[in-house]
Amino acid sequence: MPQVKPQKEENEKVEAVISYEGLDEAEFYFNRELSWIAFNKKVLDEAMDPSNPPLEQLKFLSIFYNNLDEFFEVRVANVYKQYVSGVYSSAPDKMTPAQVLAAIRREIVPLTNIAQTYWNKTLRPLLFNCGVRIVEYDALEEKHKKFLEGYYRTEIYPILTPQAIDLNRPFPIISNEALNIMVELRTPEGELCFARLKIPKNFSRFLFIPRNKEAKTYASLGFSADVNNNDILFLEDVIHRNLDSLFPGYQVVAATTFRITRDTDLDIDADEADDMLEAMRDLVDQRRFGKVVRLEISHGAPPSLLKFLVKRLSILPFQIYKVKGPLCCADLMDLCRVERPDLKDAPYTPRVPVPFGETNIVLYSMLKKSDLLLYHPYDSFVPVLDFLRRAAEDPNVVAIKQTLYRVGNESLIVDALIAARRNGKQVTTVVELKARFDEERNIKWADTLENEGVHVVYGLMGMKIHAKLCLVLRSEDGEIKRYVHIGTGNYNPATAKVYTDLGLFTANREICADVTDLFNYMTGFMRKESYNRLLVSPVSTRSGIVERIEREIRLHRERGNGEIFFKLNHLVDQACIKALYRASQEGLNVRLQVRGICCLRPGLPGVSDNIVVSSLVGKFLEHTRIYYFGAGGEGEMFIGSSDLMPRNLDRRIEVLVPIQDAAMRKVILEDIMLLHMSDNVKLRVMKSDGTYERFVPGNKEPLFDSQQFMIKKGSGWNSPLMSQAADRSETSDAAGKEKKHRQGSKKK
């Protein structure tokens with residue numbers, strides 16, 4: 001591997017331009033798709049961690065498979081399009097599409113084999129022994145089989161639609177992610193023919209069969225939270241057992257379960273889309289029929305059926321994945337709803353720190369003195385809802401402006417905005433219709449809001465609006481005062497219970513003015529090349545981050561002790577990575593906690609010796625984006641919606657807001673960033689080859705799970721208004737250990 005020497009000269013002036021010569025070598029960058037697979041492997045590791053309760057393991061296994069589905073639908077689909085069209089990727093790793101597709105398969109096949117083996121050999125038997133009995137049809141008693149035969153005849157059979165495939169009835173269009181049975185038949189004359197059967201989605205996939213008594217009604221076979229007295233059977237097993245009934249006069253020769261994954265990353269034609277809302281409705285309809293990217297088929301499927309499907313779907317061998325066990329394992333998440341608290345993590349009730357339990361009047365008064373901070377899910381999301389609900393009722397509030405990206409199926413945020421409009425407020429929402437896989441839900445909310453008289457803006461053509469912003473304008477003493485909430489996560493109460501995110505409340509004039517201008521840009525015609533305090537994509541986020549890294553390098557040359565700590569979801573952007581490499585070459589202390597994709601390679605001699613990359617995967621999904629620069633001892637920090645990826649920096653509206661209060665910066669740095677970097681239970685550290693290893697604490701070193709510590713400690717202590725009164729000795733001890741961990745520890 002080439003050795004890149006630092007560009008610094010001993011007598012170089014502090015003002016000198018930072019050189020990035022020699023940092024474009026492909027060996028210095030991981031492929032983003034392969035890095036994502038490394039992330040999903042960490043999710044599978046959690047599913048296989050025996051310290052997690054059985055239903056928590058099941059949850060992580062389901063997430064692993066759901067992640068994999070989206071990976072094929074979007075990322076693999078894009079690489080495949082490049083492969084077919086002959087277009088080469090401009091990624092810094094310089095891998096060709098063919099090389100990437102081959103590497104993806106080399107990684108995915110053994111990974112899914114591990115997952116399938118764990119389900120079949122370990123997790124399913126473990127759940128069975130714990131009373132969550134997922135059984136085979138043959139294991140049922142005869143009385144249950146007879147009852148299921150009646151259930152099939154009266155409830156399932158009338159809905160099933162077998163589709164023959166011949167000259168008059170061509171191969172049907174197979175929906176994305178639908179579960180199907182392919183059947184080979186023999187006519188009375190001895191000829192072979194084929195049919196496809198779709199497993200209906202309007203039935204529960206899991207049938208709950210009373211274990212010690214007979215079922216009274218067919219409806220009782222639906223999902224049951226009481227798992228102690230029921231056996232659980234897959235719906236497709238019952239259908240498989242009764243295939244003969246669908247083809248009287250024909251012999252069922254063979255059958256297999258299969259499923260396809262399609263390209264769902266379809267684009268709107270900017271030249272033809274006159275109406276964004278209608279264009280998105282069309283795109284959602286088209287998504288079901290995108291190009292086939294992957295065929296999943298039961299392991300041991302007869303060669304005749306596999307050959308038939310391959311020909312009809314026009315797929316290549318590398319797109320075929322054979323599955324040992326049930327297909328569509330993302331559905332296993334449904335079983336996590338059963339009432340077995342002894343098989344799950346203990347429930348956690350978030351706290352509502354002072355002053356958020358008070359009225360908005362008290363909140364407004366405090367915001368005039370100091371910014372306030374919430375850290376979800378340790379802090380409740382209720383204060384964010386209350387901020388909006390009370391603004392909707394406050395007679396002095398004249399307007400509310402809000403961005404909506406992913407708000408969930410039942411949105412209290414939308415309810416509050418509608419209430420505000422009914423109370424005579426001017427309400428503006430920027431609804432991002434292009435939030436992938438949430439398009440239908442967002443279209444519904446956009447229609448609902450617009451029907452209530454809310455001013456709805458449907459994003460911008462060619463640009464996703466990913467910023468998390470809420471602006472409240474209030475009339476006070478004859479003038480308009482502005483209050484802003486800026487978050488790192490979505491305005492979604494459901495995800496706020498499982499995603500770690502920061503939310504900043506502020507009345508700072510410059511920040512509020514920036515947010516006002518940004519809303520005017522999103523809703524009207526306005527070009528703004530700079531903002532007072534915010535870093536805004538695509539205008540200034542990349543340049544703002546790179547400039548601060550370069551400033552940190554210059555300050556380090558002058559004073560030493562340069563520090564750069566980032567906590568984010570993804571690190572892909574080459575310009576930002578090159579700047580971090582230069583910081584490492586200059587001897588700065590660079591610590592990056594990247595939950596997902598990381599294309600930077602740590603530990604390369606002469607390039608990234610001083611960079612440590614860690615990743616934390618645990619009970620909660622780490623979702624915060626925090627950027628800290630030592631700034632010569634003064635400290636500068638930003639939080640917000642943006643990761644360091646080209647899409648976030650070039651093709652999205654993103655916002656990073658500075659944390660201006662020194663006490664708040666200290667809290668975020670010590671009680672979140674350094675605390676998480678000191679974890680020795682759920683933390684993995686990236687090696688220079690892209691793999692991750694867990695820390696193993698020393699013999700006398702106690703185990704430290706940073707998320708569990710925060711649950712135990714509570715979170716009102718993270719507010720600067722309360723930090724002086726809080727007992728933070730444990731936190732300080734944990735953060736103090738971080739240096740030891742970052743400098744190296746025994747690893748598995």
Side-chain angles (χ1 to χ4, degrees), residues 69 72-73 76-77 80 84 137 149 152-153 155-203 205 234-264 266 284-329 331:
D69 286 344
F72 274 91
E73 289 168 354
V76 178
Y80 184 65
V84 171
Y137 189 93
E149 288 172 6
Y152 171 81
R153 285 195 307 271
E155 301 292 322
I156 302 176
Y157 175 83
I159 292 177
L160 297 178
T161 306
Q163 294 176 284
I165 302 165
D166 55 27
L167 291 176
N168 296 317
R169 291 165 291 189
F171 189 78
I173 295 175
I174 310 295
S175 301
N176 182 47
E177 293 189 357
L179 200 57
N180 308 271
I181 299 175
M182 196 73 211
V183 187
E184 184 177 9
L185 303 161
R186 180 175 284 113
T187 69
E189 295 75 27
E191 296 180 358
L192 294 176
C193 54
F194 297 88
R196 172 255 189 169
L197 180 66
K198 181 177 180 179
I199 305 296
K201 285 195 170 183
N202 51 347
F203 282 86
R205 189 177 175 196
F234 284 97
L235 173 65
E236 59 265 30
D237 288 353
V238 177
I239 296 174
H240 260 286
R241 290 287 177 157
N242 292 276
L243 284 176
D244 288 341
S245 68
L246 295 166
F247 307 101
Y250 289 73
Q251 177 191 357
V252 175
V253 177
T256 190
T257 310
F258 77 97
R259 177 175 182 259
I260 64 171
T261 309
R262 292 186 178 274
D263 177 2
T264 62
L266 305 178
V284 170
D285 288 337
Q286 295 168 21
R287 173 172 284 164
R288 293 176 296 162
F289 313 118
K291 276 279 194 182
V292 178
V293 179
R294 174 182 59 162
L295 167 66
E296 293 176 282
I297 190 166
S298 293
H299 191 272
S304 57
L305 290 177
L306 177 58
K307 182 179 179 181
F308 183 84
L309 283 170
V310 168
K311 181 179 179 181
R312 292 291 194 261
L313 294 171
S314 300
I315 59 173
L316 298 171
F318 73 84
Q319 296 175 293
I320 302 167
Y321 289 82
K322 297 181 179 180
V323 179
K324 297 177 182 177
L327 275 67
C328 197
C329 282
D331 289 349

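Worth knowing before you read on, the calculation uses all heavy atoms, side chains too, and leaves out hydrogens, waters and symmetry mates.
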Between CD1 of Ile297 and CG of Asn180, what distance do you get to the nearest 0.5 Å?
10.5 Å

Any non-hydrogen side-chain atom of Arg294 less than 4.5 Å from a side-chain atom of Glu73?
no

List the steps and the verdict of side chain to side chain contact (heavy atoms under 4.5 Å, CB included) for His240 and Thr257.
CA-CA 9 Å; His240 260 286; Thr257 310; 3.1 Å; yes

Under the criterion side chain to side chain contact (heavy atoms under 4.5 Å, CB included), I'd like the reasoning laid out for Arg241 against Tyr152: C-alpha separation, chi angles, the key distance, then a yes or no.
CA-CA 10 Å; Arg241 290 287 177 157; Tyr152 171 81; over 6 Å; no

Within-4.5 Å side-chain heavy-atom neighbours: Phe194 and Leu185
no

From Leu295 CG over to Leu313 CG, what is the distance, rounded to the nearest 0.5 angstrom?
6.0 Å

Which distance, rounded to the nearest 0.5 Å, do you find between the SG of Cys328 and the CD1 of Ile199?
11.0 Å

Heavy-atom closest pair (Ala164 atom, Ala195 atom, distance to 0.1 Å) is CA-CB, 4.2 Å

Residues which pass salt bridge (charged side-chain N to carboxylate O under 4.0 Å, His left out) with Asp244, listed by chain and number, not counting sequence neighbours
none

From OH (Tyr137) to CG (Asn242), nearest 0.5 Å
6.0 Å

Answer whether the closest heavy-atom distance between the side chains of Glu177 and Thr264 falls below 4.5 Å.
no

Any side-chain heavy-atom pair from Thr256 and Met182 closer than 4.5 angstrom?
yes

Would you sort out whether Arg205 and Glu236 count as a salt bridge (charged side-chain N to carboxylate O under 4.0 Å, His left out), showing the intermediate values?
CA-CA 8 Å; Arg205 189 177 175 196; Glu236 59 265 30; 2.6 Å; yes

Between Leu243 and Leu197, is there a side-chain heavy-atom distance shorter than 4.5 Å?
yes

Would you mind reporting whether Lys291 and Val84 have side-chain heavy atoms less than 4.5 Å apart?
no

Between Phe258 and Phe308, does the ring-ring contact (aromatic ring centres under 6.0 Å, His included) criterion hold? Intermediate values first, please.
CA-CA 12 Å; Phe258 77 97; Phe308 183 84; 9.6 Å; no

Value rounded to 0.5 Å, distance of CG in Leu179 from CD in Glu296
9.5 Å

So do Arg262 and Ile174 actually touch side chain to side chain, heavy atoms under 4.5 Å?
yes

Steps toward side chain to side chain contact (heavy atoms under 4.5 Å, CB included) verdict (Leu309, Arg196):
CA-CA 10 Å; Leu309 283 170; Arg196 172 255 189 169; over 6 Å; no

Would a 4.5 Å heavy-atom cut-off, applied to side chains only, mark Ile260 and Asn176 as touching?
no

Side chain to side chain contact (heavy atoms under 4.5 Å, CB included) between Ser314 and Val292, intermediate numbers included:
CA-CA 8 Å; Ser314 300; Val292 178; over 6 Å; no

Spacing of Thr187 atom OG1 and Gln251 atom CD [to the nearest 0.5 Å]:
10.0 Å

